[in-house]
2 protein chains.
Amino acid sequence: MLSPAEGTPQAPTRVLVIDDEPQIVRALVINLKARRYEVDAAHDGATALRLAAARHPDVIVLDLGLPDMDGVEVIKGLRGWTRVPILVLSARHSSDEKVEALDAGADDYVTKPFGMDELLARLRAAVRRAEPAGGGEDEVLVETDGFTVDLAAKKVNRAGKDVRLTPTEWHLLEVLVRNTGRLVSQKQLLQEVWGPSYGTETNYLRVYMAQLRRKLEADPSHPKHFVTEPGMGYRFER
Amino acid sequence: MLSPAEGTPQAPTRVLVIDDEPQIVRALVINLKARRYEVDAAHDGATALRLAAARHPDVIVLDLGLPDMDGVEVIKGLRGWTRVPILVLSARHSSDEKVEALDAGADDYVTKPFGMDELLARLRAAVRRAEPAGGGEDEVLVETDGFTVDLAAKKVNRAGKDVRLTPTEWHLLEVLVRNTGRLVSQKQLLQEVWGPSYGTETNYLRVYMAQLRRKLEADPSHPKHFVTEPGMGYRFER
DNA sequence: GGCGCCTTTGACGCAACCCTGACGCGGCGA
DNA sequence: TCGCCGCGTCAGGGTTGCGTCAAAGGCGCC
């Protein structure tokens with residue numbers, strides 16, 4: 001996995017690196033930028049807290065040995081207002097230090113010297129689990145003057161009351177609404193709703209389009225939203 | 001009456017330990033139980049996947065060296081349907097192994113021999129960040145005209161009295177309530193409640209929906225809150 | 001070892017859905 | 001003008017899916 005984002009084009013992941021050793025910062029910045037991360041760097045705790053507030057990074061890499069304040073204090077300062085993942089770097093191998101940092105709110109603890117591959121993998125893991133849970137399941141609402149379709153909840157509302165749709169009716173409606181304004185061919189409708197082996201049974205469409213219109217159109221015999229394109233297909237118009 | 005926002009009695013954290021070395025399992029189980037964790041243990045990958053589906057642990061400790069299958073496969077098997085934190089144990093120090101496990105979906109990677117204090121701290125960190133984000137933003141109390149569901153306390157109250165639900169009944173209710181207003185497909189319900197290998201046993205749903213309605217609906221034969229969408233799934237309406 | 005609760009499984013009646021065929025209508029081309 | 005094709009409408013019948021009940025299997029607890 002090279003890029004931090006996968007699938008839909010996404011804003012680049014922003015990383016805040018906090019370390020007072022210039023060579024480590026340089027190595028991190030170079031590696032991160034090469035992987036399309038956006039990187040900010042701070043050399044002391046005060047700057048780090050300020051930058052974190054100003055830039056809202058998606059993940060923080062924090063060296064515990066800072067010149068101006070204790071690393072654990074930095075963690076606590078961050079945890080006072082944000083749940084951004086914090087990956088701690090430290091030269092100390094002591095178990096007590098690790099426990100203290102983790103219990104203060106750190107998400108991971110890597111001891112120096114560290115392997116860059118491992119650090120990057122841990123960083124990916126931290127970012128990944130911070131991502132929102134739902135797989136892009138936003139509330140998708142499509143409204144017309146007569147009714148409202150909620151694609152996520154699979155609900156249709158008309159005049160304040162929920163309309164009951166059968167599975168096939170809903171499926172057909174969904175395909176049409178997902179292509180609002182576009183013509184959908186009869187073959188495509190049949191294949192999406194009834195399966196790939198269908199394509200000529202246009203009578204199915206006639207029956208079910210009639211059901212949809214009867215349930216949703218103000219005047220079913222003069223449809224405004226479920227438009228027939230003779231010989232070609234159907235179109236949903238908002 | 002306890003306020004739901006603060007001081008709600010919390011269910012104990014459930015841990016699933018997966019390791020084929022008995023002495024390590026014993027050490028972990030003893031230490032975890034002493035700290036009021038609820039612990040399940042598995043000695044191989046197949047058992048682990050089954051237990052994870054059946055018990056829905058809050059965090060998983062996984063040894064990569066299992067007798068029956070590759071540890072990474074176990075991770076992938078879990079990640080197919082759950083985001084439960086996975087803490088990997090391994091005797092291998094190789095960077096490649098760590099990267100592979102982390103990119104497969106593990107949350108942390110600890111090499112053996114490990115310090116118990118550190119492991120427990122990492123476990124706490126994993127559990128902590130898996131907790132729901134908003135302090136009071138998440139709705140834990142869902143009220144209807146007939147009953148009240150407390151998702152945090154895992155309790156249902158009807159007419160001033162607590163309703164007794166079996167584990168399966170509660171689980172089903174929880175999934176439905178967490179998706180209030182949205183249609184939940186039969187497959188999704190089966191997989192979330194009974195495990196990823198289920199998906200067609202709709203008779204389970206019929207039986208348990210009937211139980212829920214009998215216990216919670218004012219008129220079980222004419223449900224207002226647990227609505228059937230024939231051929232598609234069920235929906236909880238407040 | 002026995003008991004009770006929970007889960008799983010099977011059988012049955014009933015309602016709803018899906019498919020099918022028939023018919024009428026309008027548009028288009030011959 | 002006539003005939004054909006595509007579309008809309010309606011009603012019937014086979015099939016599926018759901019609710020309900022009851023009983024058997026599993027498991028932990030006493």
Side-chain angles (χ1 to χ4, degrees), chain A residues 154 156 162-173 176 183-187 189-190 192-195 197-235, chain B residues 38 40 47 50-51 53-56 154 156 163-174 176 183-187 189-195 197-235:
Chain A
K154 290 203 195 303
V156 184
D162 285 346
V163 181
R164 256 201 107 75
L165 294 185
T166 72
T168 310
E169 285 163 9
W170 171 261
H171 211 140
L172 183 61
L173 174 67
L176 288 168
L183 171 76
V184 189
S185 74
Q186 320 187 45
K187 187 170 181 181
L189 282 172
L190 284 165
E192 292 230 24
V193 177
W194 277 268
S197 60
Y198 292 77
T200 57
E201 298 80 349
T202 57
N203 47 327
Y204 294 10
L205 293 178
R206 290 204 294 277
V207 172
Y208 277 92
M209 287 302 302
Q211 314 254 39
L212 279 183
R213 296 205 254 240
R214 183 154 7 101
K215 291 186 179 179
L216 298 179
E217 291 274 5
D219 179 1
S221 53
H222 299 96
K224 278 175 54 187
H225 304 104
F226 300 95
V227 186
T228 304
E229 301 282 355
M232 309 183 59
Y234 294 86
R235 178 200 312 277
Chain B
E38 217 171 82
D40 295 310
T47 312
R50 197 166 39 74
L51 267 182
R55 304 272 299 162
H56 284 266
K154 293 199 189 297
V156 184
V163 180
R164 184 175 162 64
L165 295 185
T166 72
T168 309
E169 285 163 8
W170 169 260
H171 214 126
L172 183 60
L173 174 67
E174 189 176 18
L176 288 168
L183 175 89
V184 189
S185 73
Q186 328 185 68
K187 188 170 179 181
L189 283 171
L190 284 165
Q191 295 197 340
E192 293 228 21
V193 177
W194 278 268
S197 62
Y198 291 77
T200 57
E201 297 80 350
T202 57
N203 47 326
Y204 292 12
L205 293 177
R206 292 205 293 276
V207 172
Y208 277 92
M209 287 301 302
Q211 315 254 40
L212 280 182
R213 296 206 253 239
R214 190 164 343 118
K215 291 186 178 179
L216 298 179
E217 291 274 4
D219 179 2
S221 53
H222 299 96
K224 277 175 54 187
H225 304 104
F226 299 95
V227 186
T228 303
E229 299 284 356
M232 306 205 288
Y234 293 87
R235 181 199 309 278

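Model, not experiment: these values are computed from the prediction. To find a chain, count down the sequence lines: A is the first, B the second, and so on, and within it residues start at 1.
- Within the 4.5 Å cutoff, the side chain of B:V193 has no heavy atoms near those of the B:Y204 side chain.
- The closest side-chain donor-acceptor pair between B:T228 and B:R213 falls under 3.5 angstrom.
- Not one side-chain nitrogen or oxygen of B:T166 sits closer than 4.0 Å to the OP1 or OP2 atom of C:dC5.
- The shortest distance between side-chain heavy atoms of A:W170 and A:K154 falls below 4.5 Å.
- For the pair A:Q211 and D:dT9, the criterion of a side-chain N or O lying under 4.0 Å from OP1 or OP2 is not met.
- Using bins of under 30°, 30° to 60° and over 60° for the plane-to-plane angle, the ring pair B:W194/B:Y208 lands in the perpendicular bin.
- Residue B:L212 contributes atom CG, which lies 14 Å from atom C1' of C:dC6 at whole-angstrom precision.
- Side-chain contact between A:V227 and A:L183: absent, with no pair of heavy atoms (C-beta onward) separated by less than 4.5 Å.
- Atom CG in B:N203 sits about 12 Å away from atom C1' in D:dG19, given to the nearest Å.
- Contact annotation: A:R206 side-chain N/O to D:dG6 OP1/OP2 distance is not under 4.0 Å.
- Counting non-hydrogen atoms under 4.0 angstrom, B:Y234 reaches the backbone sugars and phosphates but no base.
- At D:dT20, none of the side-chain N or O atoms of B:Y208 fall inside 4.0 Å of OP1 or OP2 (strictly under the cut-off).
- Rounded to whole Å, atom P of C:dG10 lies 12 Å from atom CD of B:E201.
- To the nearest 0.5 angstrom, A:H222 atom NE2 is 11.0 Å from A:E217 atom CD.
- The shortest distance between side-chain heavy atoms of B:L189 and B:L176 falls below 4.5 Å.
- The side chain of A:P167 lies closest to C:dC17, out of C:dT7, D:dC10, C:dC17.
- Distances shown here put a side-chain N or O of B:R164 below 4.0 Å from the OP1 or OP2 atom of C:dC6.
- The nucleotide whose nearest atom lies closest to any side-chain atom of A:A210 is, among C:dC18, D:dT9, C:dT7, D:dT9.
- Within the 4.5 Å cutoff, the side chain of B:D219 has no heavy atoms near those of the B:K224 side chain.
- The separation between B:E217 atom CD and D:dT20 atom P is 11 Å, rounded to whole Å.
- One interatomic measurement links the two molecules: NZ of A:K215 to P of D:dT9, which rounds to 15 Å at whole-angstrom precision.
- Summarising the geometry, the separation between CH2 on A:W170 and P on C:dC18 is reported as 14 Å, rounded to the nearest angstrom.
- An OP1 or OP2 oxygen of C:dT20 is reached within less than 4.0 angstrom by a side-chain nitrogen or oxygen of A:Y204.
- Between A:F226 atom CZ and D:dC7 atom C1' there is a gap of 17 Å when expressed in whole angstrom units.
- In this model, the phosphate group of C:dC19 is approached by a side-chain N or O of A:W194 to a distance below 4.0 Å at OP1 or OP2.
- When the C1' atoms of four end pairs are superposed on the next four at each end of the helix from C:dG1-D:dC30 to C:dA30-D:dT1, using five pairs per end, the two resulting axes differ in direction by 30°, to 10°.
- Phosphate proximity of D:dG19 to B:T228: present, with a side-chain N or O under 4.0 Å from OP1 or OP2.
- Here B:Q186 lies in heavy-atom contact (under 4.0 Å) with sugar-phosphate atoms only.
- Straight-line distance from the CZ atom of A:R235 to the P atom of D:dC7: 15 Å, rounded to whole Å.
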